[in-house]
Undergrad: 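Below is the structure I would like to discuss, written out as structure tokens.
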Amino acid sequence: LKQCPNVHSYFHRRLLLWMPKRMWAFDLKCPVCVKSISLNSKGVYRKVRNVIDLKGRYYLAAEYHQCPTCQGTFISYDDRILNQLPFSLRVRFPILLTGKFASDIGVVNLMRSRTLGNSSTSLWNDVTEMHSDEWMRRAVAYLSDCERHKISRKRLGIPDVTYATLPLFHNPPGCKWFLATYIRDVWSRLPVLKSRIRYGTLLKIDSTKKITLKLQV
Ligand SMILES: [Zn+2]
């Protein structure tokens, strides 16, 4: 008889392992030391990050590096590490890091295409809708498999089993997070200007007046 459906296999989350040094044997340098010192690997960083994408969440795991000279430690998604990579490798890191949650580039692109004109609230609504849609899809698949399992047991006269309950649905982080991610994205795309400009100038360039207003509140 077929095994009882395992709820975790329906609701599992992807894991993205980001290890540029190991994946492409890339010689990362210590961003602190003046001399060019190659970083050593210290293995996988113990903390994983939660990444919000269009369908739900996934995990980001990273490599930990140490400088043999200054003993400084650096995580592989640190900007100072990412910026050492050539463009062709840098673009393979599909995540923007903001606070507690990180954002998949899919969500960032959705923000860019809207230039935040429709406000972060409606973006939040849309992303929440997509997340709950995906959750429902998985829930339907799991529950219908449980139902089939139950019927086949009944036919064979085998007693019922108890099925694991559905995991809770988690809303994506709030509107403020979307706004912060958007600002971080605009900011990161203006590396040349970063050191020179203030918010006012930035916003003239990007003409997103709404951000100015929200930053001033
Ligand atoms: Zn160093």
Side-chain angles (χ1 to χ4, degrees), residues 4-23 43-65 74-83 85 89-116 118-146 163-189 211 214:
C4 188
N6 180 352
V7 71
H8 299 293
S9 67
Y10 293 79
F11 289 89
H12 75 277
R13 286 194 203 169
R14 284 186 300 128
L15 173 80
L16 178 85
L17 194 57
W18 179 249
M19 303 178 113
K21 183 177 159 65
R22 205 160 290 194
M23 288 191 279
V44 177
Y45 187 52
R46 279 189 305 162
K47 278 187 191 164
V48 291
R49 298 283 303 255
N50 265 295
V51 186
I52 306 297
D53 76 357
L54 291 175
K55 284 186 167 183
R57 296 166 184 217
Y58 62 89
Y59 297 114
L60 164 67
E63 189 170 11
Y64 210 30
H65 308 283
F74 308 94
I75 305 164
S76 57
Y77 51 65
D78 187 314
D79 271 344
R80 294 169 297 176
I81 300 295
L82 290 174
N83 293 339
L85 301 172
L89 295 181
R90 175 69 179 81
V91 291
R92 297 195 201 190
F93 184 67
I95 296 166
L96 190 76
L97 297 154
T98 320
K100 188 183 164 199
F101 293 101
S103 171
D104 181 82
I105 206 73
V107 175
V108 175
N109 285 336
L110 196 66
M111 291 179 190
R112 283 182 193 172
S113 68
R114 299 180 154 205
T115 62
L116 212 73
N118 300 343
S119 90
S120 50
T121 314
S122 76
L123 188 69
W124 185 85
N125 286 335
D126 288 355
V127 173
T128 304
E129 177 78 31
M130 287 187 269
H131 281 203
S132 64
D133 192 64
E134 180 63 21
W135 187 92
M136 282 299 285
R137 249 177 247 279
R138 291 174 184 219
V140 167
Y142 170 65
L143 293 175
S144 59
D145 283 353
C146 288
Y163 298 95
T165 50
L166 292 168
L168 287 174
F169 172 72
H170 296 283
N171 275 329
C175 305
K176 273 187 182 168
W177 176 80
F178 282 93
L179 190 64
T181 303
Y182 180 74
I183 294 166
R184 173 93 165 78
D185 176 49
V186 171
W187 197 245
S188 69
R189 283 190 291 150
I211 302 179
K214 286 189 177 160

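Hydrogens, waters and symmetry mates are skipped; everything else that's a heavy atom, side chains included, is used. Since the structure is predicted, the reported quantities are computational estimates derived from the model, not experimental observations.
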Undergrad: Are side-chain heavy atoms of His131 and Pro172 found at a separation under 4.5 Å?
TA: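 Yes, their side chains come closer than 4.5 Å.
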Undergrad: Any side-chain heavy atom of Met130 within less than 4.5 Å of one from Leu110?
TA: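 Of all side-chain heavy-atom pairs linking Leu110 with Met130, at least one is under 4.5 Å.
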Undergrad: Distance alone, cut at 3.5 Å: any donor-acceptor contact between the side chains of Tyr142 and Asn6?
TA: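 No donor-acceptor contact under 3.5 Å links the two side chains.
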Undergrad: Within the structure provided, determine whether Phe101 and Thr181 are in side-chain contact (heavy-atom separation under 4.5 Å).
TA: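 No, every pair of side-chain atoms sits at 4.5 Å or beyond.
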Undergrad: Cut-off 3.5 Å, side chains only: do Asn50 and Tyr58 have a donor facing an acceptor?
TA: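 Judged by distance alone, the side chains do not pair up.
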Undergrad: Salt bridge or not between Arg184 and Asp79? Use side-chain N to carboxylate O under 4.0 Å.
TA: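 Looking at Asp79 together with Arg184, the answer is yes, because their closest N to O distance falls below 4.0 Å.
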Undergrad: Decide yes or no for Val107 and Tyr182: does some side-chain heavy atom of the first lie under 4.5 Å from some side-chain heavy atom of the second?
TA: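 No - every pair of side-chain heavy atoms lies 4.5 Å or more apart.
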Undergrad: Does any part of the side chain of Val51, heavy atoms only, come nearer than 4.5 Å to the side chain of Tyr59, both counted from C-beta?
TA: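 No, side chains not in contact.
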Undergrad: Any salt bridge linking Arg57 with Asp53? Criterion: basic side-chain nitrogen under 4.0 Å from a carboxylate oxygen.
TA: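 Salt bridge: no.
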Undergrad: Could you tell me whether the side chain of Ile52 reaches within less than 4.5 Å of the side chain of Pro173, counting heavy atoms only?
TA: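 Of all side-chain heavy-atom pairs linking Ile52 with Pro173, at least one is under 4.5 Å.
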Undergrad: Between Tyr163 and Val7, is there a side-chain heavy-atom distance shorter than 4.5 Å?
TA: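 With C-beta onward as the side chain, the pair stays apart.
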Undergrad: Work out which heavy atom in Tyr10 is nearest to a heavy atom in Arg138; give both atom names and the distance.
TA: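 Nearest heavy atoms, Tyr10 then Arg138: O-CD, 3.2 Å.
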Undergrad: Could you tell me if the side chain of Ile81 sits less than 4.5 Å from the side chain of Ile75, heavy atoms only?
TA: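 Not touching, per the 4.5 Å side-chain cut-off.
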Undergrad: With side-chain contact (heavy atoms from CB on, under 4.5 Å) as the test, would you mind laying out the steps for Leu143 and Leu166 before giving the verdict?
TA: CA-CA 9 Å; Leu143 293 175; Leu166 292 168; 4.1 Å; yes
Undergrad: Does NZ belonging to Lys21 count more than 12 external heavy atoms closer than 6.0 Å?
TA: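 Above 12, so yes.
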Undergrad: Among Arg49, Glu63, Met23, find the residue that satisfies the side chain to side chain contact (heavy atoms under 4.5 Å, CB included) test when tested with Trp18.
TA: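 Single side chain to side chain contact (heavy atoms under 4.5 Å, CB included) partner of Trp18 among Arg49, Glu63, Met23: Met23.
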